[in-house]
Amino acid sequence: MRLWTHESHAAACALYAREGWRRGPRCPVHNYGQDLVEVRWDKDLAEIALPD
């Protein structure tokens, strides 16, 4: 599974890291009228526990 967020979203980045997501490449982008750094997060679906 893969998701993206901006590096400036510190709370989201901390949550993803705490939940076992691995930070992938970072890339400068221009979004929402601002220069930002986009961060990709990856997690193997086999690592996600499903409820019984």
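Take R2 and apply the salt bridge (charged side-chain N to carboxylate O under 4.0 Å, His left out) test, not counting sequence neighbours, and it matches D42.
Salt bridge R26/E38: absent, no basic N to carboxylate O contact under 4.0 Å.
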Tell me, with the steps shown, if W21 and M1 meet side chain to side chain contact (heavy atoms under 4.5 Å, CB included).
CA-CA 9 Å; W21 290 78; M1 188 177 294; 3.6 Å; yes

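K43 places no side-chain N or O within donor-acceptor distance of the main-chain N or O of L3, the cut-off being under 3.5 Å.
The two residues H6 and C13 have their closest heavy-atom pair at O-SG, 3.9 Å. Taking every heavy atom of both residues into account, L36 and N31 meet most closely at CD1-O, 3.7 Å.
With hydrophobic clusters built from ILVMFWY side chains whose heavy atoms lie under 4.5 angstrom apart, W4 does not share a cluster with Y32.
You'll find the side chain of T5 reaches within 4.5 Å of the side chain of Y16, heavy atoms only.
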